[in-house]
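Presented below is the structure to which this report refers.
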Amino acid sequence: MDTLDTVTLRSPQFSSSLTLRQGLVRYYAANPGFVQNQDFWVGIVRIPWCDMQRHDIMHVVTGYSTDLDQELRLIGFLLTAITWKRPWYYYVQSIGVFLELLGRSLRGKTLGSVYYNPVQVCQLYLQGIRQGQTVRSKINAYIDPATVLDRELESLRLEYGIENAGAWD
């Protein structure tokens with residue numbers, strides 16, 4: 001049964017003033033297996049929690065879901081929308097993941113449960129790159145999440161010129 005907070009978060013009137021914190025609540029509710037409040041390990045590479053949280057924040061601000069097509073757009077967006085001074089693994093995440101997915105596609109393998117042909121993989125990634133090039137100001141790669149959690153999503157989107165894909169509000 002829904003609580004008042006859940007019903008309130010879903011109401012159309014509330015969406016226009018949804019904060020980033022509230023958007024993240026929705027994001028983590030939709031993805032309960034995602035690591036929170038701890039570093040994430042990919043093999044021997046440690047990704048600090050603050051960087052994982054920034055990635056999750058960008059999902060909510062852009063409105064991109066965690067479906068593979070949306071993830072491809074997000075990693076393309078991150079390549080061009082955030083400041084160039086950033087941790088090295090931000091580049092690996094964007095370019096490396098794109099190349100890995102493209103390689104799988106070229107070998108005829110599905111990406112998750114869906115097959116995207118190589119042209120589609122490139123198109124989705126380039127859509128994100130193009131959107132990232134349209135931001136009004138570059139997003140600080142080292143932004144302290146605590147400074148933006150209570151800001152309204154619409155305010156953040158307007159400040160940076162981000163078009164909402166609509167997944168979280």
Smallest separation among heavy atoms of Asp39 and Val35, with atom names
O-CG1, 4.2 Å
Looking only at the side chains, is there a donor atom on one of Ser94 and Tyr125 sitting less than 3.5 Å from an acceptor on the other?
yes
Spacing of CG belonging to Leu124 relative to CD belonging to Glu71, to within rounding of 0.5 Å
11.5 Å
Linking I/L/V/M/F/W/Y whenever any side-chain heavy atoms sit under 4.5 Å apart, do Leu102 and Tyr115 land together?
no
Can you tell me how far apart CD1 (Ile129) and CD1 (Ile75) are? Round to the nearest 0.5 Å.
9.0 Å
Should Ile139 and Met58 count as side-chain neighbours, where that means a heavy-atom distance under 4.5 Å?
yes
Shortest non-hydrogen contact from Leu78 to Ile82?
O-CG1, 3.1 Å
Do other residues, nucleotides or ligands put more than 12 heavy atoms under 6.0 Å from Glu159 CD?
yes
For the hydrophobic clusters of this structure (ILVMFWY residues joined by side-chain heavy atoms under 4.5 Å, transitively), does one cluster hold both Tyr142 and Trp49?
no
In this structure, OG1 of Thr62 is separated from CD of Gln131 (nearest 0.5 Å) by 7.0 Å
Heavy-atom check, side chain of Ile162 versus side chain of Phe77, under 4.5 Å:
yes
With the side chain counted from C-beta on, respond yes when His59 and Tyr64 share a heavy-atom pair under 4.5 Å apart, and no when they do not.
yes
Apply side chain to side chain contact (heavy atoms under 4.5 Å, CB included) to residues Leu74 and Gln70 and explain how you reach the verdict.
CA-CA 6 Å; Leu74 179 65; Gln70 299 282 296; over 6 Å; no
Interatomic distance, CG@Leu101 vs CG@Leu72, rounded to 0.5 Å, equals 5.5 Å
Determine yes or no for a side-chain-to-main-chain donor-acceptor pair under 3.5 angstrom, with Arg104 supplying the side chain and Glu100 the backbone.
no
ILVMFWY cluster, Tyr160 and Leu158 together (side-chain gap under 4.5 Å)
no
Quick one: closest heavy-atom pair of Val148 and Ile143, and the distance?
CG1-CD1, 3.7 Å
Minimum side-chain heavy-atom gap Leu20-Arg151 below 4.5 Å:
no
Check whether any side-chain heavy atom of Tyr116 lies under 4.5 Å from a side-chain heavy atom of Asp69, and answer yes or no.
yes
Does atom CZ (Arg157) have a neighbourhood of more than 12 heavy atoms from anything else shown, all under 6.0 Å?
yes
Drop me the distance from Tyr27's OH to Ile57's CD1, to the nearest 0.5 angstrom.
10.5 Å
To the nearest 0.5 Å, how far apart are CD in Glu152 and CG in Asp169?
11.0 Å
What heavy-atom pair brings Ser65 and Ala167 nearest, and what distance separates the two atoms?
N-CB, 3.7 Å
Is Arg86 close enough and on-axis enough to Trp88, meaning under 6.0 Å and within 45°, for cation-pi?
no
Is any side-chain heavy atom of Phe40 closer than 4.5 Å to one of His55?
no
Do Gln22 and Trp168 make a side-chain contact, defined as non-hydrogen atoms from C-beta onward lying under 4.5 Å apart?
no
Lys85 (side chain) donor-acceptor with Asn140 (main chain) under 3.5 angstrom
no
Could you label the plane-to-plane angle of the Trp84 and Tyr91 rings as parallel, tilted or perpendicular, counting under 30° as parallel and over 60° as perpendicular?
parallel
Nearest heavy atoms of Pro118 and Leu106, plus distance in Å
CG-CD2, 3.5 Å
Any sub-3.5 Å donor-acceptor pair from Thr83's side-chain atoms to Lys138's backbone N or O?
no
Contact between Leu68 and Val114 at the side-chain level, heavy atoms closer than 4.5 Å - yes or no?
no
